[in-house]
Amino acid sequence: MVPTISDQTSDDVRDPDLVAVQEGPEAAGELTRPAGLDREKILQAAIDFIDEQGLAALTMRRLGSSLGVEAMALYRYVPGREDLLDGVVDRVVETLWDDRDGDDIQVVDHSGWQDYLVRLAHGMRRIALAHPAVFPLVASRPPAAPWVRPPLRSLRLVESFLGTLREGGFSDQAAVAAYRAYSSFLLGHLLLEVTQIGAQVSLLDQPEGDEQAQRETDMSEYPNLARTESLLGQDKSAAEFEESLENLLDRLERVLHEARNSGGDVGDL
């Protein structure tokens, strides 16, 4: 005897397979193809969910429940949790180019490479402060081009960075060196800032990244990235750490000199 829906637990009431058996495939289709559901709506719902409940709580089942659908309905638009997280990062970073989000910072409106870097820094900080639980994904999700070091999920952002500095007269080597120094400073600072307001910085689900996304990414859309692959793929962490430390010590020495010549008063670091 096939059990009726009224015999099922609350988890089974919306079971599409059971509905298909009892009410027919059309009724089941209503559960897996809900009206108005699309990828953008799902990604925004995921951002809202993470903002409210944290990344650790996010599952496809819970996200579906928040949208009033079964988890399997989401897979028509996001193949899995990895694709979902990548999409979340892309969506929040895209606000740097979106002039319809009510923010006055768009990186495309820059008046030179210095202004671009200032806009980018403040734009990223606003993202971090608006979505502290989401932001660690920006710095931790492996990019579709796995050789980018330091890894930054948004290839559009890296491409924009390299292109802007090239237009400003930087060579490829100088642009990549600037990218390394700038992104290490910016992401490091912002990760510390969001942890101070409660964000959890945890290990990646898949440290090696999404292989399907890597295969499907058309690198012809990112000519600056493609041209500098050999440079971006070099691991110079040790040398960059030492250089940053030396720069910090030099700055602290200037602070000490300033203090000695002003009775102990110094400006902000």
Side-chain angles (χ1 to χ4, degrees), residues 39-40 42-44 46-47 50-51 55 78 81-101 103 105-110 113 116-166 175-176 178-191 193-194 199 201 204-229 231-233:
R39 181 176 174 86
E40 291 304 307
I42 292 171
L43 294 179
Q44 186 57 54
I47 293 170
I50 298 170
D51 284 343
L55 178 60
V78 287
R81 191 171 186 272
E82 295 301 309
D83 180 71
L84 175 68
L85 296 182
D86 289 346
V88 163
V89 173
D90 291 340
R91 186 171 177 83
V92 296
V93 173
E94 285 297 308
T95 61
L96 293 168
W97 287 271
D98 189 356
D99 59 2
R100 299 167 300 173
D101 63 355
D103 198 339
I105 293 182
Q106 285 85 47
V107 294
V108 293
D109 295 333
H110 69 85
W113 66 267
Y116 170 87
L117 295 183
V118 171
R119 287 174 176 271
L120 178 57
H122 286 285
M124 290 292 283
R125 187 165 185 262
R126 292 187 185 187
I127 291 172
L129 295 176
H131 308 287
V134 173
F135 185 76
L137 290 172
V138 176
S140 65
R141 294 294 300 165
W147 33 265
V148 174
R149 294 174 180 271
L152 186 61
R153 174 63 214 172
S154 173
L155 295 186
R156 182 180 183 184
L157 197 159
V158 183
E159 174 69 16
S160 170
F161 187 105
L162 296 175
T164 301
L165 265 62
R166 282 285 293 172
V176 169
Y179 162 74
R180 292 179 186 277
Y182 181 89
S183 58
S184 295
F185 151 74
L186 182 63
L187 298 180
H189 180 95
L190 294 180
L191 283 172
E193 189 166 8
V194 297
V201 180
L204 300 170
D205 291 347
Q206 290 189 5
E208 71 280 3
D210 186 341
E211 294 184 359
Q212 180 176 353
Q214 294 170 10
R215 290 193 301 270
E216 295 177 354
T217 298
D218 182 3
M219 292 306 299
S220 66
E221 298 179 4
Y222 309 102
N224 291 297
L225 271 165
R227 191 181 63 255
T228 56
E229 176 178 353
L231 296 172
L232 285 166

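- With a 4.5 Å cut-off on side-chain heavy atoms, R141 and L137 count as touching.
- Closest heavy-atom contact between L117 and Y182: O-OH, 2.5 Å.
- Ion pair R39/D83 flagged as a salt bridge, since at least one NZ, NE, NH1 or NH2 atom sits closer than 4.0 Å to an Asp/Glu carboxylate oxygen.
- Rounded to the nearest 0.5 angstrom, T228 OG1 and Y179 OH are separated by 10.0 Å.
- With respect to the salt-bridge test (charged N to carboxylate O, under 4.0 angstrom), the residues E221 and R156 do not qualify.
- Nearest heavy-atom pair across V88 and A46 is CG2-CB, 3.7 Å.
- Not counting sequence neighbours, E229 has no partner by the salt bridge (Lys or Arg N to Asp or Glu O under 4.0 Å) test.
- Interatomic distance, CZ of R227 versus CZ of R166, reported as 5.0 Å (0.5 Å rounding).
- Side-chain contact between L85 and L55: present, with at least one pair of heavy atoms (C-beta onward) separated by less than 4.5 Å.
- L187 has its side chain within reach of F135: a pair of non-hydrogen atoms, C-beta onward, lies under 4.5 Å apart.
- From L190, atom CG reaches atom CZ of F185 across 7.5 Å, with rounding to the nearest 0.5 Å.
- A donor-acceptor pair is defined here as one N or O able to donate and one able to accept, closer than 3.5 Å; no such pair exists between the side chain of R119 and the backbone of L96.
- The heavy-atom pair separating N224 from G163 by the smallest distance is ND2-CA, 3.5 Å.
- Y116 is linked by a ring pair (Phe, Tyr, Trp, His ring centres under 6.0 Å) to H110, counting only residues two or more places apart in sequence or in another chain.
- Residue P136 comes nearest to L191 through the heavy atom pair CA-CD2, 3.8 Å, listed as atom of the first residue, atom of the second, then distance.
- Between S154 and E159, the closest side-chain pair of non-hydrogen atoms is not below 4.5 Å.
- Here the straight-line distance linking atom OG of S160 with atom CH2 of W97 works out to 5.0 Å at 0.5 Å rounding.
- In terms of heavy atoms, R180 sits closest to L232 at NH2-O, 3.7 Å.
- Rounding to the nearest 0.5 angstrom, the gap separating the CD1 atom in I127 from the CD atom in E94 is 9.5 Å.
- Between M124 and L157, some side-chain heavy-atom pair lies under the 4.5 Å cut-off.
- Pairing each heavy atom of I50 with each of A133, the nearest pair is O-CB, 3.5 Å.
- Atom OG1 of residue T95 and atom CZ of residue R126 lie 10.5 Å apart, to the nearest 0.5 angstrom.
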